[in-house]
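Only one structure is covered here, and it is reproduced in the block below.
All figures in this text were calculated on a predicted structure; none of them were measured in a lab. First the proteins, then the strands, lettered A, B, ... as listed; each starts at 1.
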There are 2 protein chains.
Amino acid sequence: MGRWEPNARGRLEEAAMNLFQERGYDRTTVEEIAARAGLTERTFFRYFADKKEVLFGGAGELRRLITSTITDAPEETSPLEAVAAALDATAPVFKERRDYARARQGLIVAHAELRERELIKLADLASAAADALRGRGVTEPAASLTAEAGIAVFKVAFERWVEDPKSQDLSQHLRSTLDELRAVTASTGTANPPQPVKRAKAPRR
Amino acid sequence: MGRWEPNARGRLEEAAMNLFQERGYDRTTVEEIAARAGLTERTFFRYFADKKEVLFGGAGELRRLITSTITDAPEETSPLEAVAAALDATAPVFKERRDYARARQGLIVAHAELRERELIKLADLASAAADALRGRGVTEPAASLTAEAGIAVFKVAFERWVEDPKSQDLSQHLRSTLDELRAVTASTGTANPPQPVKRAKAPRR
DNA sequence: GAAGGTGATGGCAGCAACTGACATCAAGGG
DNA sequence: CCCTTGATGTCAGTTGCTGCCATCACCTTC
């Protein structure tokens with residue numbers, strides 16, 4: 001297959017992660033990553049579309065997990081429950097690599113460019129979930145909304161999980177956050193006329 | 001103030017938008033933008049952190065609008081309602097520039113880098129909304145979740161508004177989408193006492 | 001009204017991310 | 001043993017972006 005050692009992609013990912021932690025993300029050059037992996041810069045860009053992408057290798061796996069979980073859910077499962085089950089299905093992936101996930105998240109929150117990439121990956125997961133819901137017959141406004149709401153739950157729950165000093169399970173965070181979403185949306189809902197809110201004055205920031 | 005013509009920032013934004021539509025985003029160079037605005041590349045980067053940012057000049061205004069609307073909402077207003085009012089407060093901003101908003105959105109959906117930027121701007125709005133909610137005494141899991149859910153509503157509603165051939169108001173889209181969110185989250189819960197859900201459907205489309 | 005300060009702009013050099021075109025090498029098949 | 005194939009290397013070039021310093025317009029101040 002390859003020319004030299006196998007698993008070039010994995011070597012690049014590992015070299016990148018190590019270098020990012022040693023010198024920081026932006027003081028690490030792609031050439032250095034490639035060199036540590038025993039490859040060249042050009043080869044790096046054959047495996048990853050750009051420098052950021054080397055930190056998001058698992059996105060495809062998550063997408064498949066979510067899609068299949070929603071698709072395979074029992075027919076009577078409600079859309080939101082199906083999405084919740086899909087998010088829960090991803091929990092083990094993170095549980096096994098909690099340290100890696102933490103280190104990675106530390107990098108992401110510290111670099112706006114990486115946060116952007118993370119957000120588009122999450123949006124992609126939402127899109128995949130919406131597709132899967134439509135495959136179950138959920139009609140359009142509801143499908144996208146349920147998927148987006150699910151991702152919102154995931155974002156909040158994941159953040160709390162990473163910050164959680166005691167290793168409470170991600171699944172538990174997901175469940176309680178979902179309950180919180182239900183509570184927050186269930187309250188004084190007027191399905192009909194949301195009266196125009198009178199704003200006081202110009203933003204005095 | 002300036003050296004020559006005033007409003008360098010505005011000239012750069014306009015030149016950029018025009019060039020993006022003429023040649024496309026990635027076949028337009030920053031040097032060309034600056035030249036059309038009668039400036040140099042170096043000056044462009046004094047006004048905008050990077051090439052993408054020239055399309056997101058209004059973000060600060062939106063942020064202030066959302067923050068002040070939530071802060072100034074009557075005390076008895078529920079968190080979700082306050083967020084909904086804040087989103088609604090942004091509608092006029094888009095209404096006045098519907099054509100610009102459409103053209104801009106066309107560029108954004110066509111370029112992943114711009115979608116990333118848009119997502120982080122939305123996340124920033126969510127963060128601002130969460131801050132404002134906390135300022136009203138909303139405790140933490142709820143504040144972030146309500147803000148994120150609100151942004152999810154905004155994303156879906158805005159998308160539908162842009163695609164809407166007949167110019168239905170963004171406010172209307174926001175309202176119906178919020179109702180849809182309530183409907184979708186209200187159904188068969190887990191920990192919560194699931195109340196029998198009888199809900200009129202939001203406008204089906 | 002001449003001197004000096006200030007803020008915006010230009011000019012230039014340079015780095016690093018990324019790309020296209022082409023050469024080269026390892027491995028397997030016929 | 002040659003030839004195909006896929007992964008890798010090499011090289012040149014573009015572009016986004018930054019640091020540093022000079023320059024210019026405008027304003028203040030004496």
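Of the residues near DNA chain C, A:Tyr25 and A:Arg42, the one whose nearest nucleotide (by heavy atom distance) lies more toward the 5' end is A:Tyr25.
Relative orientation of the A:Phe44 and A:Phe48 rings is tilted, given thresholds of 30° and 60° on the angle between their planes. Taking the six-membered ring where the residue is Trp, B:Tyr25 and B:His111 present tilted rings, their angle falling between 30° and 60°.
As rounded to whole Å, 14 Å separates atom P of D:dT14 from atom CD of B:Glu32. D:dT15 atom C1' lies 8 Å from atom NZ of B:Lys51, rounded to whole Å.
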Before you tell me yes or no, could you show the steps for B:Ser176 and B:Glu180 under side-chain hydrogen bond (donor to acceptor under 3.5 Å, both in side chains), namely the whole-Å CA-CA distance, both residues' side-chain angles and the distance that decides it to 0.1 Å?
CA-CA 6 Å; B:Ser176 62; B:Glu180 188 78 23; over 6 Å; no
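Looking at the side chain of B:Phe45, the nearest of the listed nucleotides D:dC17, D:dT10, C:dG10 is D:dC17. Side chain of A:Thr43, nearest nucleotide from D:dG9, D:dC17, C:dT9: D:dG9.
A:Glu31 comes within 4.0 angstrom of nothing in the nucleic acid, heavy atoms only. Contact annotation for B:Tyr47: backbone-only contact, meaning every heavy-atom pair under 4.0 Å involves sugar-phosphate atoms and none involves a base.
Between D:dT14 and B:Thr29, no contact under 4.0 Å exists linking OP1 or OP2 to a side-chain N or O.
Residue-to-nucleotide contacts include no donor-acceptor pair under 3.5 Å from the side chain of B:Arg46 to the base of C:dG7.
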